[in-house]
Asker: 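This is the structure I want to talk about, given as structure tokens.
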Amino acid sequence: MKKLLLFPLLLLVAGCWDTNQPERMYYLLGLGIDYKEGQYEIYSQVVAFTNIAKSEQPNPEATQAEVGIAKGKTFDEAFFNLYQTMDERFFLGHLNYVLFSEDIAKEGKVEPVINSLIRYREWRYTTWAYITDSPLKEALLITPIINKSITLSKVSDPLSSFNQSSRVRPIQLRELMIHLNEPSHEVKIPFIEISENWSKEDGPDPVYSFKGLSILGKNSGFKGNLLGDDINGVQWLENETDRSDITVKTEEFEELYTTTTVDEVRSKIIPIVSESNVQFDLQVQLVVQTNEMLNENKMDLLENKIKQQVKKEIEQTYKASLEFDADIYRLAEVLYRKDLKTWKKYEQDGNIPLDESTIRKVDVELVKVKGERIISH
């Protein structure tokens, strides 16, 4: 009789053994990956969701995140070494972003790491990717200003700030994988650094800052970084650019410089094929908005200044990228998709030779100028 009563209880206990209770798990939000002296180093940013409800400000007394560090001869071994120091089960289903160190990019280890990550069934392809030369541990301990939830940081949720200023477009690992597996593709990954532009009562409040773009190629690996003003031209050839700004020198106005908002970008790259070579024409159309009080003559002058500045920035970015043999505007890919026969004629290891004469012409057009303060006299 006692055996009969005990049997159902054993069934209930057995059913609970495979259950993953949410409160008994660690949730990975960010991951930093480095490669030094023949070993992978992983920096895991673990968060407690009970302390960082997304719609509310987190409890300032509670810790938003902790960073764990582990090393291994392989990426997977480093993860298993990390497990040895953890009290609970690890969950990758909420991984929002990965910071690759500049060193691991130079070692050509980015693609092998991605290949390892995708074998984890919990991992999502929508994870954001970045490259940095800042210390990974410090970068992963950064929290947003004004005590916002760490899930809303610039690297964890980049589209909010991108919609306001589209100078550097974030990229997900899904898109990165596509670009690294297609011929004639090079991929641009945001290059971030730790900035101390912000302060709070007890001292500096470090934040993430988009410093530039790192260029990776499938066959060539890490090519180099475009930094500072050298990246400005990229935004004028990205149809995803949502909102940006351009500053021009206006000696004819009361103020020496004028900043105008760009609300929309439409661009087109057209291959021009001749018997001896292939060149490209770049066409850019912009919708701009100015709040300056200008008469029609000064408005015409401002429009010409904007066209000249955009063209100058496109050419500057292209020339800077040629210094490390990068195809920043993905001209080879355009040719590959529009004229495969010509691409096969000129391609070398998936790319076509580029020099300053490869871009034949840059046309910039302002299709619409918005401004409520334009005056007629």
Side-chain angles (χ1 to χ4, degrees), residues 159-170 188 190 210 212-213 226 228-272 279-322 327-331 333-335 337-338 354 356-377:
L159 293 182
S160 179
S161 58
F162 177 75
N163 292 337
Q164 188 169 47
S165 177
S166 309
R167 190 160 172 256
V168 176
R169 186 169 75 87
K188 300 184 282 287
F210 282 13
L213 292 165
L226 277 179
D229 290 341
D230 283 344
I231 66 170
N232 286 346
V234 174
Q235 61 191 327
W236 310 128
L237 287 163
E238 297 264 11
N239 289 324
E240 293 85 359
T241 297
D242 201 26
R243 187 173 185 267
S244 194
D245 66 282
I246 186 161
T247 297
V248 296
K249 194 172 184 179
T250 48
E251 294 167 333
E252 299 80 359
F253 297 177
E254 291 182 5
E255 294 290 336
L256 186 57
Y257 292 95
T258 299
T259 298
T260 303
T261 302
V262 178
D263 281 339
E264 189 176 339
V265 174
R266 302 171 209 155
S267 64
K268 187 181 293 184
I269 298 174
I270 304 169
I272 308 297
Q279 293 176 293
F280 296 85
D281 286 352
L282 311 186
Q283 295 180 354
V284 178
Q285 294 182 326
L286 305 175
V287 175
V288 303
Q289 177 172 326
T290 178
N291 290 323
E292 297 291 325
M293 294 185 66
L294 303 173
N295 60 34
E296 291 181 1
N297 290 335
K298 285 192 174 181
M299 179 55 74
D300 290 341
L301 182 62
L302 179 61
E303 288 184 21
N304 285 329
K305 295 274 187 182
I306 292 172
K307 291 178 187 176
Q308 292 169 12
Q309 183 66 22
V310 170
K311 181 179 178 182
K312 178 182 172 184
E313 291 182 357
I314 290 172
E315 292 172 344
Q316 179 182 338
T317 298
Y318 179 67
K319 289 176 183 176
S321 66
L322 284 182
D327 184 3
I328 190 68
Y329 298 134
R330 295 163 63 181
L331 303 176
E333 181 194 346
V334 173
L335 184 66
R337 298 196 181 284
K338 293 188 175 181
L354 302 176
E356 291 191 19
S357 67
T358 304
I359 292 184
R360 192 183 72 161
K361 187 168 61 172
V362 180
D363 287 327
V364 181
E365 181 185 3
L366 305 190
V367 293
K368 188 175 182 181
V369 180
K370 298 185 288 185
E372 296 179 355
R373 297 186 179 181
I374 299 172
I375 57 179
S376 58
H377 57 81

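Every value quoted in this text rests on a predicted model; they were computed, and no experiment measured them. By convention here, the first residue in the shown sequence is residue 1.
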Asker: Taking the side chain as everything from C-beta on, heavy atoms only, tell me whether Arg266 gets closer than 4.5 Å to Val367.
Answerer: yes

Asker: Please check: side-chain N/O of Asp230 versus main-chain N/O of Leu226, any donor-acceptor pairing under 3.5 Å?
Answerer: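 Not a single qualifying donor-acceptor pair exists.
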
Asker: For a 4.5 angstrom cut-off between non-hydrogen side-chain atoms, does Leu286 reach Val364?
Answerer: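 In contact.
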
Asker: Identify whether the distance between the nearest side-chain nitrogen and carboxylate oxygen of Lys305 and Glu303 falls below 4.0 Å.
Answerer: no

Asker: Can Ser244 and Ser166 be counted as having a side-chain donor-acceptor contact under 3.5 angstrom?
Answerer: no

Asker: To the nearest 0.5 angstrom, please state how far the NZ atom of Lys319 sits from the CD1 atom of Ile359.
Answerer: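 Result: 10.0 Å between the selected atoms.
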
Asker: Does atom CD (Glu255) have a neighbourhood of more than 12 heavy atoms from anything else shown, all under 6.0 Å?
Answerer: no

Asker: Answer whether the closest heavy-atom distance between the side chains of Leu331 and Leu354 falls below 4.5 Å.
Answerer: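 Yes, side chains in contact.
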
Asker: With no hydrogens and no angle check, is any side-chain donor or acceptor of Tyr329 less than 3.5 Å from a backbone partner on Ile314?
Answerer: yes

Asker: What closest approach, in Å, do Thr317 and Gly233 show between heavy atoms, and which atom pair accounts for it?
Answerer: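 It is OG1-N, 2.8 Å.
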
Asker: Strictly by modelled atom types, are Asn232 and Arg167 linked by a side-chain donor-acceptor pair under 3.5 Å?
Answerer: yes

Asker: Please check: side-chain N/O of Thr241 versus main-chain N/O of Glu238, any donor-acceptor pairing under 3.5 Å?
Answerer: yes

Asker: Please report the closest heavy-atom contact between Val168 and Ile231, naming both atoms and the distance.
Answerer: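 Looking at all heavy atoms of both residues, the shortest contact is CG2-CD1, 3.6 Å.
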
Asker: About how many Å separate CD of Gln164 and CG of Asp245, when rounded to the nearest 0.5 Å?
Answerer: 10.5 Å

Asker: Nearest 0.5 Å please: distance from the CG atom of Leu282 over to the CD atom of Glu315.
Answerer: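 Leu282 CG to Glu315 CD: 9.0 Å, rounded to 0.5 Å.
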
Asker: Between the side chain of Lys268 and the main-chain N/O of Val284, is any donor-acceptor distance below 3.5 Å?
Answerer: no

Asker: If you apply the rule side chain to side chain contact (heavy atoms under 4.5 Å, CB included), what do you find for Gln289 with Val369, and how did you get there?
Answerer: CA-CA 6 Å; Gln289 177 172 326; Val369 180; over 6 Å; no

Asker: State, yes or no, whether a side-chain contact exists between Arg169 and Gln235 at a heavy-atom distance under 4.5 Å.
Answerer: no

Asker: With a 6.0 Å cut-off (strictly less than), is the heavy-atom count around NZ of Lys312, excluding the residue itself, greater than 12?
Answerer: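 Atom NZ in Lys312 is not crowded, with 12 or fewer foreign heavy atoms closer than 6.0 Å.
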
Asker: Are any side-chain N or O atoms of Thr250 and backbone N or O atoms of Leu256, one a donor and one an acceptor, separated by less than 3.5 Å?
Answerer: yes

Asker: For side chain to side chain contact (heavy atoms under 4.5 Å, CB included), just list the numbers for Lys188 and Ile328, CA-CA rounded to whole Å, side-chain angles, deciding distance to a tenth of an Å, and then say yes or no.
Answerer: CA-CA 8 Å; Lys188 300 184 282 287; Ile328 190 68; 3.5 Å; yes

Asker: Once rounded to the nearest 0.5 Å, what's the spacing between atom CD1 of Ile246 and atom CD of Glu313?
Answerer: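 Interatomic distance, Ile246 CD1 to Glu313 CD, rounded to 0.5 Å: 4.5 Å.
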
Asker: Ignoring hydrogens and geometry beyond distance, is a side-chain donor-acceptor pair present between Thr358 and Gln279 at under 3.5 Å?
Answerer: no

Asker: In the structure I gave you, are the side-chain heavy atoms of Thr258 and Thr247 within less than 4.5 Å of one another anywhere?
Answerer: no

Asker: How many angstroms lie between CZ in Phe280 and CD1 in Ile270, if you round to the nearest 0.5 Å?
Answerer: 11.0 Å

Asker: Of all heavy-atom pairs between Pro170 and Phe162, which one has the smallest distance, and what is that distance?
Answerer: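 For Pro170 versus Phe162, the nearest heavy atoms are CD-CD1, 3.6 Å.
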
Asker: What's the separation between atom CD in Gln285 and atom CD in Glu264, rounded to the nearest 0.5 Å?
Answerer: 9.5 Å

Asker: Do Arg243 and Val262 have side chains that get closer than 4.5 Å, going by heavy atoms?
Answerer: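 Arg243 vs Val262: side chains apart.
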
Asker: Can you confirm whether Arg330 sits close enough to Val334 that some side-chain heavy atom of one is under 4.5 Å from a side-chain heavy atom of the other?
Answerer: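 No; the side chains remain at least 4.5 Å from each other.
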
Asker: Test side chain to side chain contact (heavy atoms under 4.5 Å, CB included) on Val248 and Tyr257; report intermediate values, then the result.
Answerer: CA-CA 6 Å; Val248 296; Tyr257 292 95; over 6 Å; no

Asker: Where the side chain of Gln309 meets the backbone of Ile306, is there a donor-acceptor pair that is under 3.5 Å apart?
Answerer: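 Answer holds: no.
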
